[in-house]
Amino acid sequence: MLALVDFFFLSLYFFFNKIFFCYFIVMFIFYYLNSISWGGLYFFFDSSVYLVLVFMSVFILGLICLSEKKIMLVMLTQLLIIVCLFFFISMNMFMLYIMFELSIFPILIMILGYGSQIEKINASYYLVFYAVFCSSPFLYVYFTSSYNLFFAYFNLVLSWEMVFFLSLCFLVKFPVYFLHLWLPKAHVEAPTTASMLLAGLLLKLGTGGYLRVMAVYNNVYLLSWVIISFLGMIMGSFLCIFQSDSKSVAAYSSIVHMSFVFFSLLILCKATKLGGVLMMISHGYVSTLMFYLIGEFFHQSGTRMMSYLSGFMMSSMMLFYMMVLVFLCNGGVPPSMSFFSEFMGLTGMFLLYKSFFALLFFYFFVSFYFSIYILSCSMMGPSMNNFLYWVFGYMLPGVILMFNFFWLSLLC
């Protein structure tokens with residue numbers, strides 16, 4: 001109890017200095033790897049997956065603190081990082097739900113306060129509607145289960161209706177296809193900082209929560225989710241090709257990769273589950289850097305249209321190399337972590353669903369094509385901008401982490 005109170009007041013003290021706040025969060029992670037008790041609710045790192053997600057949130061926080069000049073956006077980012085930190089280390093299902101819902105408000109304030117177009121109001125409506133409509137039944141499941149869902153990991157026999165509502169709460173923030181309409185709208189209207197947080201951190205809340213509720217799944221009820229996730233992989237890849245806004249391309253790319261994560265987790269074998277977790281971690285770094293690159297181009301040129309996305313090779317060769325690495329990793333080129341995750345997931349899928357192999361090959365072809373399409377649009381053309389060297393200097397740690405085999409050895 002006393003340790004958590006000390007953490008609360010220390011976080012308030014360092015909250016108004018972004019550099020000290022980054023140092024404080026890092027020290028908190030290394031110091032509190034053991035369990036923390038607070039009034040009967042337990043917070044601790046129960047899995048290396050959530051520990052890696054906390055490290056990812058620290059990287060995103062550092063990148064935003066270095067690149068963002070508006071102090072209010074930095075403070076909202078710090079608030080979101082604290083909420084996500086308690087979500088990842090929460091072992092109580094009700095506390096998990098509270099942190100899950102609190103994560104929406106900093107993003108909503110960023111979109112409404114710092115969006116540049118009037119359509120930001122419509123995007124906010126979509127975000128609130130999907131969050132409330134799909135998350136409210138979770139409380140009904142919690143209360144009707146006689147509070148048996150106290151711990152975040154549980155093994156109970158539930159009806160298919162309760163399993164459906166319980167998983168629907170987290171599938172909105174995957175987001176799976178048919179529940180994804182809020183994500184492209186929010187990305188297009190949000191500032192660069194909010195887009196980096198949405199893709200790199202907020203979508204991982206849905207994955208982390210879904211990993212905790214997989215214990216109540218029964219194989220009988222998995223086929224419908226498999227079909228929905230597979231449709232998201234195929235149709236999302238085609239939507240990426242026909243987008244004219246580069247931010248929309250990156251948003252639908254996030255939907256494609258998170259649908260692959262969902263599809264891998266549904267196979268319920270060790271290889272595909274590890275592949276899905278690795279894809280989730282890889283997507284956190286790749287999508288953050290993608291939105292950072294697109295945001296820097298928008299700040300320099302004033303447009304996000306694909307037809308104007310040119311001149312990277314002539315403007316800054318180092319920035320161009322960074323962009324090639326990021327978008328090729330998005331396409332799953334070896335030896336990136338995306339390649340290993342897709343290879344492990346594809347191996348498990350082929351062993352269980354041999355009839356899906358031709359369709360999966362078609363998905364990989366289309367998903368790699370739109371990454372090459374973005375690169376071909378951005379490489380050639382006249383030099384329109386002069387990018388400074390510090391732009392790619394901030395990206396260097398993230399590019400290294402995209403090729404880091406440490407995550408593979410940690411999760412195995």
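Please read these numbers as outputs of a predicted model, since none were measured by experiment.
F133 has its ring centre less than 6.0 Å from the ring centre of F129. Checked against the 6.0 Å centroid threshold, F260 and H257 do not count as a close aromatic pair.
Heavy-atom minimum distance, G200 versus T288: CA-OG1, 3.4 Å. Summarising the geometry of W182 relative to L127, their closest heavy-atom pair is CE3-CD1, 3.5 Å, with the distance given to 0.1 Å. Smallest separation of non-hydrogen atoms from L79 and P106: CD2-CG, 4.2 Å. The two residues K247 and V188 make their nearest non-hydrogen contact at CD-CA, 4.3 Å. Minimum heavy-atom separation, A194 to I107: O-CD1, 4.1 Å. When all heavy atoms of V83 and S103 are compared, the closest pair comes out as CG1-N, 3.9 Å.
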### Task
Applying side-chain contact (heavy atoms from CB on, under 4.5 Å), run through M72 and I109 and close with a yes or a no.
CA-CA 10 Å; M72 283 303 299; I109 295 172; over 6 Å; no
### Task
Carefully, step by step, assess L53 and M280 under the rule side-chain contact (heavy atoms from CB on, under 4.5 Å).
CA-CA 9 Å; L53 289 175; M280 173 187 65; 4.0 Å; yes
#### Entry: Test log, rule side-chain contact (heavy atoms from CB on, under 4.5 Å), inputs L265 and F174
CA-CA 12 Å; L265 294 178; F174 248 89; 4.3 Å; yes
### Message
Under the criterion side-chain contact (heavy atoms from CB on, under 4.5 Å), I'd like the reasoning laid out for I255 against M258: C-alpha separation, chi angles, the key distance, then a yes or no.
### Response
CA-CA 5 Å; I255 296 172; M258 296 309 292; over 6 Å; no
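Within a 6.0 Å sphere centred on OH of Y126, other residues, nucleotides and ligands contribute 12 heavy atoms or fewer.
Within the 4.5 Å cutoff, the side chain of K204 has heavy atoms near those of the H283 side chain. Using a 4.5 Å heavy-atom cutoff, the side chains of F327 and L293 are in contact. A 4.5 Å side-chain heavy-atom check between C84 and L80 finds at least one atom pair inside the cut-off. Here the side chains of F87 and I82 are not in contact, with every heavy-atom distance at 4.5 Å or above. Looking at heavy atoms from C-beta onward, I71 lies in side-chain contact with M75 at the 4.5 angstrom threshold. Residues L239 and V256 form no side-chain contact, since every pair of their non-hydrogen atoms from C-beta on lies 4.5 Å or further apart.
Listed for the E68 side chain is a donor-acceptor partner under 3.5 Å among the backbone atoms of K70. The backbone N or O of F178 sits less than 3.5 Å from a side-chain atom of H180, completing a donor-acceptor pair. No donor-acceptor pair closer than 3.5 Å links the side chain of K120 to the backbone N or O of I111. Under the 3.5 Å distance criterion, the side-chain polar atoms of S57 are matched with a main-chain donor or acceptor of V54. Checked by atom type and distance alone, the side chain of S253 never pairs as donor or acceptor with a backbone atom of V249 at under 3.5 Å.
When each of V277, T272, L278 is checked for a side chain to side chain contact (heavy atoms under 4.5 Å, CB included) with M344, only L278 meets the rule.
Under the 6.0 Å distance and 45° angle rule, K173 counts as a cation-pi partner of F100.
In this structure, CZ on F291 lies 8.0 Å from CG on L198, to the nearest 0.5 angstrom. Expressed to the nearest 0.5 Å, how far SG of C65 lies from CG of L73 amounts to 11.0 Å. Atom CG of L61 is separated from atom CG of L201 by 9.5 Å, given to the nearest 0.5 angstrom. Here D245 contributes atom CG and Y252 contributes atom OH; the two are 10.5 Å apart, rounded to the nearest 0.5 Å. Here the CG atom belonging to L325 is positioned 7.0 Å from the CG atom belonging to L328, to the nearest 0.5 angstrom. If you take CE on M110 and OG on S124, they are separated by 13.0 Å, rounding to the nearest 0.5 Å.
Side chains of H187 and S248: no donor on one and acceptor on the other come within 3.5 Å. Looking only at atom types and distance, the side chain of K273 has no donor-acceptor partner in the side chain of S264 under 3.5 Å away. Neither side chain, N330 nor S338, offers a donor N or O lying under 3.5 Å from an acceptor on the other.
Under the 30°/60° scheme for interplanar angles, the aromatic rings of F263 and F230 are found to be tilted. Note on ring orientation: taking the six-membered ring where Trp is involved, the planes of Y285 and F59 are tilted (angle from 30° to 60°).
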